[in-house]
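A quick write-up on the structure given underneath.
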Amino acid sequence: MPDQSVLIVDDEEMIRTALEQWLRLSGFETHVATDASSALARLDEVKPHVILSDVRMPGLSGLDLLRKVRERTVPAEVILITGHGDVPMAVEAMRQGAFDFIQKPYVPDELVSSLKKAAEQSALKREIASLRRRLDGGEAELANRLVGNSPPMERLRQAVLELAHIPTDLIILGETGTGKEVVARCLHDFSPRAKGAFVAVNCAAIPADLIESELFGHEAGAFTGAGAQRIGKFEYANGGTLLLDEIESMPLLAQAKVLRVIQERVVERVGSNKQIPLDLRIIAASKVDLAKESREGRFRADLYYRLNLATLPLAPLRDRGDDCVFLFHHFLGEAAKRFGRPVPTLHPADIQALLHHRWPGNVRELKAAADRFAIGLDATGRSLKAIIGLDVADAPAVQGGLAERVAAYERRLIEAELTRHNNSIAAAAEALQVPRRTLSEKMSRLGVER
């Protein structure tokens with residue numbers, strides 16, 4: 001256990017001494033104060049993780065101490081002990097923000113367990129506060145949008161701040177749900193083009209026969225159904241930034257025409273010979289390795305070379321250490337505000353669930369879990385383990401031959417993904433990286449119901 005300090009506040013010397021000895025043997029760094037006023041005076045010096053205080057003392061009571069600690073926004077948890085406790089006093093203590101309320105006589109091991117949980121909660125608060133203090137100016141604003149303090153996120157924020165001011169096209173690479181569009185928006189918002197438009201196009205969502213019209217626009221009567229003039233995405237983003245998301249899904253013929261527009265910086269609407277000059281930044285985003293796709297003929301090599309003036313790789317959430325905890329806190333606060341609910345407390349078991357999950361859906365999956373945790377009204381309640389779903393490592397043993405075991409495992413995995421994605425077959429299929437039809441057939445064969 002890392003150094004975790006406890007400030008013991010009690011007016012009885014015998015109790016102070018006994019608690020100090022017991023907690024030192026349990027691995028805590030201990031400090032003592034004879035009353036609440038002395039404890040308040042020592043807060044800046046000691047910087048305790050936990051304040052363990054008696055309730056009834058001469059002068060300020062333990063409840064008074066709790067209120068003053070909260071007013072000073074000290075990142076310490078408060079545990080109150082009393083021999084005179086009753087239900088109203090406990091309710092008032094918890095309402096004021098006490099971490100726990102323990103009545104004498106108490107079991108020493110239970111007290112130590114509560115102190116360890118409180119210290120972990122305090123340490124987490126300190127890490128978040130430290131991250132916010134370290135970053136200022138543009139970095140502070142960027143840290144609120146690209147949340148995390150892992151080395152990959154530190155490098156990403158620095159790269160975004162540098163590339164935002166370099167007028168070059170670039171590629172963002174990352175798995176589904178890693179936040180490619182969020183990074184692209186940051187590149188735009190921190191650039192000299194921030195006052196221009198940011199236009200995001202999902203190339204995979206546009207039918208092949210309409211992609212030219214969507215990107216380049218068309219004149220009235222250019223083709224059947226073109227009843228009026230249409231401004232294309234390239235032209236609409238003029239003066240700003242155009243994001244071509246999932247560019248690997250763009251047909252090869254359209255890629256050739258996009259390459260010409262990028263090289264010449266002019267666009268012609270379908271059905272027109274008039275060239276419209278363009279002044280914009282183009283960001284391509286992909287969940288696959290475009291270099292490999294170009295070598296294997298599925299993506300134009302010349303377009304890849306033209307776009308690849310710089311590349312921003314986004315690390316998957318599973319490779320970002322405890323960033324998932326910071327991100328979860330961030331999304332939890334947003335969700336609570338959006339739903340008009342109080343921010344629920346994360347307990348050590350919840351934090352362990354966050355850290356041990358593999359997050360196949362990355363930040364998008366994490367945000368959905370935070371939303372459900374903030375609401376806390378469905379069948380899973382506020383169990384993060386249930387909300388996150390069943391991991392492979394959690395799968396119980398299954399009897400039978402290979403076919404039976406594989407079928408049972410597939411059934412559990414599909415059920416877990418459906419639970420995680422609120423019974424959306426489309427979202428579960430994306431997370432499992434299989435076509436929706438294939439997933440539906442497997443559900444029917446395995447007897448999985450929504």
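Numbers here are sequence positions counted from 1. Only a predicted model underlies this, so the values are computations on that prediction, with no experimental measurement involved.
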Donor-acceptor under 3.5 Å ([X] side chain, [Y] main chain):
X	Y	result
His356	Gln352	yes
Asp319	Pro316	no
Ser294	Ala301	no
Glu219	Arg269	no

Are [X] and [Y] close enough that a side-chain donor and a side-chain acceptor fall under 3.5 Å?
X	Y	value
His49	Glu29	no
Ser286	Glu248	yes
Glu154	Gln158	no
Asp100	Ser114	yes

*Within a radius of less than 6.0 Å around CD of Gln433, do more than 12 heavy atoms belonging to other residues, nucleotides or ligands occur?*
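No, the 6.0 Å shell around CD holds no more than 12 heavy atoms from other groups.
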
*Is it true that atom CZ of Phe339 has more than 12 heavy atoms of other residues, nucleotides or ligands lying nearer than 6.0 Å?*
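Enclosed.
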
*Geometric class of the Phe198/His188 ring pair [parallel <30°, tilted 30-60°, perpendicular >60°]*: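 Correct class here is tilted.
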
*Ion pair Glu71/Arg67, N-O distance below 4.0 Å*: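 Looking at Arg67 together with Glu71, the answer is no, because their closest N to O distance does not fall below 4.0 Å.
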
_Salt bridge or not between Asp169 and Arg306? Use side-chain N to carboxylate O under 4.0 Å._
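Judged by the 4.0 Å cut-off on N to carboxylate O distance, Asp169 and Arg306 do form a salt bridge.
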
